[in-house]
Trainee: 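One structure follows; several queries about it will come next.
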Amino acid sequence: MSTIQNPSLPKPQIKFLLLEGIAETAVSALSTAGYDNVERLKTALDSDALVAKLNGVRFLGIRSRTKVTDAVLQAQPTLAAVGCFSVGTNQIDSDAARRLGIPVFNAPFSNTRSVAELTIAEIVMLFRRTFPKSSAAHIGKWDKSAVGSSEIRGKTLGIVGYGNIGSQLAVLAEAMGMRVRYLDHTDKLRHGNATPAATLNELLADSDVVSLHVPETDATRNMMDADALRAMKPGSYLINNARGSVVDIDALAAALEDGHLAGAAIDVFPSEPSSNADRFVSRLQGLDNVILTPHVGGSTEEAQERIGEEVARKLIEYSDVGSTVGAVNFPQVQLPSTPSGTRFIQVQRNLPGELGRLNDVFAKHRVNIAAQYYQTDGEIGYVVLDADGSVPNVDTVVQDIRRLSGTIRARVLNRIR
Ligand SMILES: NC(=O)c1ccc[n+]([C@@H]2O[C@H](COP(=O)([O-])OP(=O)(O)OC[C@H]3O[C@@H](n4cnc5c(N)ncnc54)[C@H](O)[C@@H]3O)[C@@H](O)[C@H]2O)c1
């Protein structure tokens with residue numbers, strides 16, 4: 001429990017609403033931190049139902065199916081923060097949330113390892129032609145032959161996008177004896193012996209297998225078009241566990257059909273079924289030595305458990321301490337966990353003189369400031385002030401901060417405007 005005086009809302013009154021069957025690990029983490037007022041639903045909610053359900057809720061947890069629009073956020077001013085228990089945050093209007101002083105948290109690294117592991121497995125399966133042999137065995141054919149099968153030791157892996165997943169994959173691949181090269185458009189810390197390539201074509205021409213780990217952007221859309229695929233080494237392999245738009249599937253099918261490429265593993269597609277009940281159709285179906293998976297690169301039980309813990313921890317840190325590290329739409333402030341005095345938190349409009357007006361409030365009430373943390377990000381500023389010891393008139397101070405025209409929200413620790 002926090003040692004800060006005058007917490008404005010006791011933890012049992014701070015309500016969490018968790019939708020879409022969020023993992024049990026989130027509830028355990030909240031409970032350990034003293035937050036037991038948690039309602040969980042297995043389903044997503046549409047806009048009207050969500051607004052009704054959010055009445056009195058301070059913290060909302062969603063996965064990918066609940067859409068949190070500007071209108072939803074405006075309708076429930078008590079909402080303090082939203083946790084997206086997912087990697088992406090497209091399901092919430094993060095800009096609107098920022099303007100309203102609501103940080104949005106997510107879990108960008110929780111499935112990194114899962115994708116990297118699948119990719120390593122696919123490299124081995126492709127080089128050994130395991131899937132064609134397995135499919136043959138399932139229908140009674142005994143294809144015992146070493147032709148076209150090789151070890152991955154000593155082969156060159158080319159990684160496009162040396163971020164969280166790409167760099168994790170590089171470490172695993174080197175441990176398997178591969179030589180690793182990568183291409184990234186920003187300067188990256190190199191792990192192990194991985195060496196950067198100067199251009200995409202240089203990487204493609206030098207790699208026995210190319211694995212894509214870039215996000216979807218204008219620059220990466222159709223990055224692997226017909227020309228790029230033809231620039232790959234003859235007889236090499238392509239793996240796409242990143243985003244469907246990065247590869248021209250028709251051009252890939254052509255390169256596989258005429259034998260320029262020896263195989264591929266594809267987990268993401270330009271168009272994917274919206275549910276398990278819908279049919280999946282792709283030009284790659286039936287092609288030799290092609291592994292097709294239904295966008296499950298990051299889908300493991302461990303990743304779901306980590307997502308639950310990671311996002312719950314960020315919400316707890318924001319509620320208990322005011323830290324915004326890991327918010328996708330907010331100034332990032334990392335705070336010491338238990339200051340000895342009273343902590344005031346203000347989200348303000350980023351206007352000239354706003355910080356001065358806030359400090360005037362503290363001067364007027366003769367509050368001695370021990371520490372101040374301040375970050376701005378576009379149109380908002382995030383201010384945390386630790387006052388020395390107890391502040392007898394703390395409620396009046398908060399009221400005066402809330403009266404400032406530039407204040408979006410203000411609280412003393414757990415009190416949220
Ligand atoms: N298949 C799945 O289930 C699954 C799961 C998780 C993530 N993903 C996808 O994997 C991809 C990588 O995820 P991550 O967490 O490693 O992301 P990341 O942001 O950590 O890494 C992406 C890297 O790509 C680089 N990059 C961006 N544009 C580039 C360009 N034009 N040329 C070269 N490099 C470029 C960035 O600098 C960054 O280093 C994302 O597209 C993500 O959506 C898929």
Side-chain angles (χ1 to χ4, degrees), residues 63-65 84-91 105-123 157-173 180-191 194-204 206-207 210-225 227-228 231-232 238-249 264-274 276 280 282 284 291-307 310-311 326 328:
R63 292 176 66 189
S64 53
R65 281 176 294 126
C84 295
F85 288 75
S86 56
V87 173
T89 54
N90 293 345
Q91 66 275 42
F105 298 94
N106 67 337
F109 319 119
S110 30
N111 61 11
T112 298
R113 178 72 182 201
S114 304
V115 181
E117 283 191 11
L118 179 69
T119 308
I120 283 288
E122 288 171 338
I123 295 171
L157 165 64
I159 296 174
V160 184
Y162 193 67
N164 296 321
I165 297 171
S167 56
Q168 177 81 200
L169 171 64
V171 171
L172 298 180
V180 177
R181 300 200 67 193
Y182 67 87
L183 179 84
D184 202 288
H185 67 165
T186 59
D187 199 18
K188 292 284 175 177
L189 171 70
R190 294 186 215 174
H191 300 276
T195 53
T199 64
L200 179 61
N201 276 2
E202 181 195 322
L203 186 85
L204 299 177
D206 191 31
S207 302
V210 171
S211 193
L212 307 174
H213 299 285
V214 283
E216 177 177 293
T217 66
D218 287 344
T220 63
R221 205 162 292 118
N222 266 335
M223 185 182 226
M224 295 306 293
D225 59 8
D227 289 345
M232 287 176 67
L238 179 72
I239 298 178
N240 185 14
N241 290 333
R243 280 287 173 258
S245 60
V246 181
V247 178
D248 178 339
I249 293 287
I266 307 292
D267 186 48
V268 287
F269 302 85
S271 156
E272 296 177 4
S274 54
N276 285 356
F280 168 62
S282 170
L284 300 176
I291 302 171
L292 301 178
T293 47
H295 203 149
V296 289
S299 305
T300 60
E301 292 186 4
E302 289 86 348
Q304 286 310 312
E305 287 164 10
R306 273 193 299 268
I307 286 174
E310 190 177 328
V311 181
V328 296

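Quick note: numbers below take in every heavy atom, side chains included, and nothing from hydrogens, waters or symmetry partners. None of the values given here were measured: they were computed from a predicted structure. Each ligand, and each atom within it, is numbered from 1 in the order the structure gives.
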Trainee: Kindly say whether G88 contributes a backbone atom to a donor-acceptor pair with the side chain of S86 at under 3.5 angstrom?
Mentor: yes
Trainee: Is it the case that the side chain of E117 and the backbone of R113 share a donor-acceptor pair, with hydrogens and angles ignored and the cut-off at 3.5 Å?
Mentor: no
Trainee: Could you tell me how the ring of Y162 sits relative to the ring of H191: parallel (under 30°), tilted (30 to 60°) or perpendicular (over 60°)?
Mentor: tilted
Trainee: Do T89 and N106 have a side chain donor and acceptor closer than 3.5 Å?
Mentor: no
Trainee: Among L169, T112, N111, find the one that has a side-chain contact (heavy atoms from CB on, under 4.5 Å) with N164.
Mentor: T112
Trainee: Heavy-atom cut-off of under 4.0 Å around ligand 1: list whichever protein residues fall inside it, by chain and number.
Mentor: N111, V115, G161, Y162, G163, N164, I165, D184, H185, T186, K188, H213, V214, P215, A219, T220, M223, N241, A242, R243, D267, V268, H295, G297, G298
Trainee: Any side-chain heavy atom of R221 within less than 4.5 Å of one from R243?
Mentor: no
